[in-house]
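Remember, it's a predicted structure, so these values are computed and weren't measured experimentally. For the numbers below, each heavy atom of this structure counts, side chains included, while hydrogens, waters and symmetry mates do not.
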Amino acid sequence: MFWQTATNRSDLERQLTPFLSNPHAHVRLSVLATFEQMVFLHPEEAAAISNSKPALLKAVDDPLEDIRQYATAVLGLVQPSTDEDLKQVVLRGLADPSHKVRKAALGTVSFKKLNNPEIVTAALAVASSRPEELARTVEALGDAAPTDSRAVELFVSALGSKSEEAKRQSLTALSKAGKAATAALPKLRQLAADPNESELLKKSAKDAIRKVEP
């Protein structure tokens with residue numbers, strides 16, 4: 001809590017960075033959580049926190065999933081979307097065995113709109129191997145790469161999911177894809193007319209059709 005009353009946050013950031021190497025996990029985690037809060041509340045601090053990049057990159061490989069999660073999230077907030085190290089962090093995060101780390105990586109894909117082909121491929125692999133994360137993956141790709149042909153295929157496929165949330169996210173993504181998603185029209189029309197679907201979902205399908213139709 002001390003950082004909220006600090007008169008010079010940049011100095012505080014420099015003082016906190018060495019604690020990312022502290023042997024106690026709760027200390028490392030507290031520093032990462034503090035950095036995340038700082039950037040959320042004061043986006044202008046991102047540049048100063050990015051100076052901690054070497055220590056943050058080391059934290060991405062921490063054996064504890066919570067630390068990997070927070071390190072991935074903080075790097076996603078403070079590093080530019082063109083940063084090669086950030087790309088590698090996201091790729092590792094998407095392949096991480098922890099759902100928390102994968103969630104942080106997908107959040108970075110969404111927030112930074114990372115449409116790099118390798119990242120799109122890795123995100124698609126998450127959707128394929130982790131059905132429970134389909135909705136989150138569709139949301140991320142809908143933000144980052146809505147017109148990517150492979151992403152559009154995922155959006156169309158997800159319309160047949162049993163998950164209401166996955167279908168909702170797919171409709172949002174297809175609306176963003178617009179004319180690049182004309183292949184989705186048959187399924188969109190089917191969904192819009194399905195008496196077993198909710199009125200809200202059918203309305204979203206009709207809205208998507210208007211944006212997708214040539």
Non-neighbouring partners of [X] that pass side chain to side chain contact (heavy atoms under 4.5 Å, CB included), sequence neighbours left out:
| X | answer |
| --- | --- |
| Glu165 | Ala135, Ser163, Arg168, Gln169 |
| Asp148 | Val120, Ala145, Arg150, Ala151 |
| Ala125 | none |
| Thr147 | Ala180 |

Return the set of residues passing salt bridge (charged side-chain N to carboxylate O under 4.0 Å, His left out) with [X] (not counting sequence neighbours), or none when no residue passes.
| X | result |
| --- | --- |
| Lys53 | Asp83, Asp85 |
| Lys100 | Glu65, Asp66 |
| Asp61 | Arg92 |
| Glu153 | none |

What are the two closest heavy atoms between [X] and [Y], and how far apart are they?
| X | Y | answer |
| --- | --- | --- |
| Met38 | Leu16 | CE-CD1, 4.5 Å |
| Pro80 | Leu86 | O-CD2, 3.5 Å |
| Ala173 | Gly142 | CB-CA, 3.8 Å |

Sequence neighbours left out, what pairs pass salt bridge (Lys or Arg N to Asp or Glu O under 4.0 Å) with at least one residue falling in residues 107-129? Lys87-Glu118

Residue pairs meeting salt bridge (Lys or Arg N to Asp or Glu O under 4.0 Å), one or both in residues 134-143, sequence neighbours left out, come to Asp143-Lys176

With sequence neighbours excluded, what pairs up with Ser128 under the side chain to side chain donor-acceptor pair (under 3.5 Å) test? none

Rounded to the nearest 0.5 Å, what separation is found between the CG atom of Asn116 and the OG1 atom of Thr82? 11.5 Å

To the nearest 0.5 Å, tell me how far Ser157 OG sits from Leu134 CG. 7.5 Å

Against Phe35, only a single residue in Leu77, Leu20, Val78 fulfils side-chain contact (heavy atoms from CB on, under 4.5 Å); can you say which? Leu20

Could you state whether Ile67 and Val101 fall into the same hydrophobic cluster, counting links through intermediate Ile, Leu, Val, Met, Phe, Trp or Tyr residues with side-chain heavy atoms under 4.5 angstrom apart? no

Consider only side-chain heavy atoms of I, L, V, M, F, W and Y, link residues closer than 4.5 Å, and tell whether Phe40 and Val74 are in one cluster. yes

Verdict with supporting geometry, Leu159 and Leu171, side chain to side chain contact (heavy atoms under 4.5 Å, CB included): CA-CA 8 Å; Leu159 290 177; Leu171 290 170; 3.8 Å; yes

Just checking Lys179: does its NZ atom have more than 12 heavy atoms from other residues, nucleotides or ligands closer to it than 6.0 angstrom? yes

Establish, from distance only, whether the side-chain atoms of Ser198 and Glu164 form a donor-acceptor pair under 3.5 Å. yes

Would you tabulate the side-chain donor-acceptor contacts of residues 207-214 under 3.5 Å, counting partners in other chains and residues two or more places apart, or write 'none'?
| residue | atom | partner | partner atom | Å |
| --- | --- | --- | --- | --- |
| Asp207 | OD1 | Arg210 | NH2 | 2.2 |
| Asp207 | OD2 | Lys203 | NZ | 3.2 |
| Glu213 | OE2 | Arg189 | NH2 | 3.1 |

Asp96: which of Lys103, Arg130, Arg68 passes salt bridge (charged side-chain N to carboxylate O under 4.0 Å, His left out): Arg68

